[in-house]
2 protein chains.
Amino acid sequence: MPDLGKWFDQVRWDEHGLAPVVTQDAASGRVLTVAWMNREALEETARRGEAVYWSRSRKRLWHKGEESGHVQKVREMRLDCDADAILLRVEQTGGIACHTGRESCFFRKLDNGRWVSTDPVKKDPALIYKK
Amino acid sequence: MPDLGKWFDQVRWDEHGLAPVVTQDAASGRVLTVAWMNREALEETARRGEAVYWSRSRKRLWHKGEESGHVQKVREMRLDCDADAILLRVEQTGGIACHTGRESCFFRKLDNGRWVSTDPVKKDPALIYKK
């Protein structure tokens with residue numbers, strides 16, 4: 001058997017050292033968000049048992065929920081056939097994954113050639129990020 | 001109201017003109033695959049009502065199932081809060097999304113520091129791609 005390296009080295013990181021991550025509510029199956037990880041974020045996620053992403057806009061590790069409290073407790077981590085995409089199945093604290101205060105970031109649905117918002121705001125973002 | 005352009009122009013395509021797409025089984029909620037679309041793939045998907053991706057390896061439009069017959073009938077298309085990721089909820093023909101003959105491309109689960117295959121091969125790829 002060849003030495004395949006550590007599990008986090010088996011991910012095929014892209015030219016920026018990143019891989020897309022799909023995060024799904026383990027109970028409802030709802031897809032909550034798509035985010036990005038680098039190797040360090042993946043290791044941190046495994047170490048903490050909570051989702052840690054790489055924020056491409058802020059260019060730093062981002063422990064999801066660090067400001068909002070809406071952390072994502074990881075129940076399962078999966079890797080796809082090409083080893084270039086990751087799936088997290090999580091328990092979503094507060095039932096809110098989106099910075100808009102909605103359950104899921106995918107709150108818009110294509111309807112007759114328009115993206116229509118289908119999900120209610122569960123909590124006002126001004127109350128979520130009240131620092 | 002500003003003219004926001006057509007619905008497919010409202011997607012924030014990346015520097016390569018692409019966006020990641022999560023495809024989920026509409027019935028079971030299982031995440032089947034992560035793929036990529038450009039604007040043309042998205043328009044084609046809407047026109048056909050079946051998933052059409054951009055194959056980054058083959059550098060061409062890829063009508064999912066064109067060889068295997070495992071087309072994905074689109075039941076719903078969603079866009080995320082940042083408008084840079086797309087979610088398809090589909091009916092998966094044959095119950096097989098992965099080129100390995102498995103239901104989902106995410107057939108490996110992290111288990112004690114190893115990626116362990118958890119899903120059976122439902123059909124031998126040699127029989128799926130028998131041309």
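So that the names make sense, note that chain A is the first sequence line, chain B the second, and so on, each numbered from 1.
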Among A:W115, A:F107, A:F8, which has the most heavy-atom pairs under 4.5 Å with chain B? A:W115

One option among B:R89, B:R114, B:E76 has the most heavy-atom pairs under 4.5 Å with chain A, and it is B:E76

Quick one: which of A:G113, A:S117, A:G29, A:P20 has the most heavy-atom pairs under 4.5 Å with chain B, could you say? A:G113

Between B:R39 and B:E43, does at least one N-O distance fall below 4.0 Å, as a salt bridge requires? yes

Looking at chain B, which one of A:A85, A:A46, A:A83, A:S104 has the largest number of heavy-atom pairs inside 4.5 Å, strictly under? A:A85

Under-4.0 Å salt bridge between A:E44 and A:K64: no

Name the region of B:D119, side chain, backbone, both or neither, that has any atom closer than 4.5 Å to a heavy atom of chain A. side chain

Would you give the length of the straight line joining atom CG of B:L42 to atom CG of B:L18, rounded to the nearest 0.5 angstrom? 12.0 Å

Whatever's closer than 4.5 Å to a heavy atom in chain A on B:V31 counts as both

For A:K122, is there an ion pair with A:E103 - N to carboxylate O distance below 4.0 angstrom? no

Any salt bridge between A:R60 and A:E66, counting N to O under 4.0 Å? yes

Tell me, side chain or backbone of B:T118 under 4.5 Å from chain A's heavy atoms, or both, or neither? side chain

Picking from B:L79, B:D84, B:V34, which has the most non-hydrogen pairs under 4.5 angstrom with chain A? B:L79

Please verify the inter-ring angle class for A:W62 with A:Y53; under 30° counts as parallel, over 60° as perpendicular, anything in between as tilted. tilted

